[in-house]
Amino acid sequence: MAFLNVLPGAIAEGLIWGLMAIGVYISYKILDIADLSVDGSICTGACVCVVMLAAGNPIWLCMLASVIAGALAGVLTGLFHTALGIPAILAGILTQLILYSVNLSILGGKSLIAIDIRSTNLIMHMSDNPMAIVSAGLIIVATIIGLWLFFYTETGLTIKSTGDNPHMSRAQGVNVDLNKVIGLAISNGIVALAGSLLAQYKGSANINDGRGAIVIGLAAIFIGLSVSLKIKPNFVCSLIGVIGGGIVYYIIYNFVILLGLKTDYLKMLSAIIVALFIAVPYLKTKYFTKQKPIPIVQNNGGDEDA
Amino acid sequence: MLKIKNLQKTFNPGTVNAKTALAGLNLTLNNGDFVTVIGGNGAGKSTMLNAISGVWKPDYGTIEIDGVDVTNMPEYKRAKFLGRVFQDPMMGTAPDMEIAENLGIARRRGTKRRLRWGIRKAERQEYKELLATLELGLENRLSSKVGLLSGGQRQAVTLLMATLNRPKLLLLDEHTAALDPKTAAKVLEITNKIVTENNLTTLMITHNMHDAIEYGNRLIMMHEGKVIVDVSGEEKKKLTISQLLELFEKASGSEFANDKVMLSK
């Protein structure tokens, strides 16, 4: 019974993190870059949204500002990587660190700013889970349709090919560096959008929001793709799977809390889920693949002199 | 069409691993030349193609394609002049994307990519007809992922991609070397057909002396980063493998030591 009570909240939060995981999907799966700047850009999204709201701006403008701020963070990581030759992982870590300072200054040096939920028109809040689920659902549908269309355009196709085979892309006249920057901007823009939803849902922005976000995003991707790739391995199905992965992740998360696990261990739990999803297929092929028996060749006479 | 002047490139300069790959290479191709390139390991054949493609900048010298100095042009920009097929069948295509998507990207080589549809409907029909000319049964697999194709099929698709937008210069870097003999012969036959039908200016590296003599209207042999033999026209048509080896020994002052080439006699 207690589990059913937390279910709506788990779904709402799962949707928000699923949206965030779609951003991670673009860098990790499409561009083939493990972009760690998302830990910072989700928090940037939350901070920008909350501060803009406090200044009395309409909610759509606050969310738009969050997306732009996130996209700029992606551009920064992209330039670190392509223009300055910093390895992608390190480029992401550097941006993440820069964003920590940036986020603190956005929050005016405070570690937490709350939204006055009575005087502002939010599109979601944890006090009304059905409403939050509908709002998050609509934004996710719009995002998936937008991405689906985008990746069929000339630019979109070359961003896919950039991650798939940079050699081929360059040989076909694709500016691989520019495409990585664009891809990371889109990825972090979506992550920051999820951050703005998270801030509204929780009613506050905290400087520690988003720590370990990349791991939750990857967990949602692995959980989701493990199912959706078996059903239909196409782009839209994968994205829907990723959203589903986010929801499943939060259901597991809440279930584990109900079982009495101390919340201190939850980050460790996320990391273990990701490690398992990567390790199990690897170990399976390494240790549990049966060698096919060597076919017995019938010798039909002939080369007997050997 | 192509003018290479005094091209020089040393890898790892100033170290014990320093290797001079191009030592003042000069080469001029006329419009429509189909040139086969042979030479031992480390002769600088692939290095020459990489220099033309702009994989890195040469230490010295200039490269001109169709009257444009491309020496300092980045790789992706000079791609508009070039069609390239690599030795490794995995390198020329995006495996996780459909055949049609690969062709659609190649079709737009040299144009600015915008937010327009990546493949228009009429193109699909065109690609279908082009794939049919390969006679590999790919015409009904436009939506298949390229990663599902065999090495030979991938090389054929790469060849199609390289020539879809008529290149000023087609660069083939031992593009049949990784294929089994039967498939290699088939891909070579397709290559010859596409090159001669479209009268493409082509540089084809091969390790097979027989192929080098049979195909093209001109043959160059490279040694230690330079062109040492250059025959064309009637003289090339009458060439035999033993004559070729003789030419090499005379020009380089050493014996042609390359197992791959010797074995493929």
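Reminder, nothing fancy here: chain letters follow the sequence lines and each chain counts from 1.
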Counting only N and O atoms by type, is there a donor-acceptor contact under 3.5 Å from the side chain of B:R78 to the main-chain atoms of B:M73? yes

Under 4.5 Å from any heavy atom of chain A - which part of B:S53: neither

Hey, does the side chain of B:T202 reach the backbone of B:L200 with a donor-acceptor pair shorter than 3.5 angstrom? yes

Using non-hydrogen atoms and a 4.5 Å limit, figure out which bit of B:M90 sits close to chain A: side chain, backbone, both or neither. backbone

Test your reading of the model: is there a side-chain donor-acceptor pair from A:Q172 to the backbone of B:K80, 3.5 Å cut-off? no

Using a 3.5 Å distance criterion without hydrogens, assess whether the side chain of B:K186 forms a donor-acceptor pair with backbone atoms of B:K182. no

With a 4.5 Å cut-off on heavy-atom pairs, point out which of B:K77, B:R84, B:M91 contacts chain A the most. B:M91

Name the member of B:G147, B:P74, B:G92 that forms the most heavy-atom pairs with chain A at distances under 4.5 Å. B:G92

Could you label the plane-to-plane angle of the A:F222 and A:F277 rings as parallel, tilted or perpendicular, counting under 30° as parallel and over 60° as perpendicular? parallel

Against chain B, label A:F150 side chain, backbone, both or neither, depending on which of its atoms sit under 4.5 Å from a heavy atom there. side chain

Quick one: what part of B:K112 sits under 4.5 Å from any heavy atom of chain A, side chain, backbone, both or neither? backbone

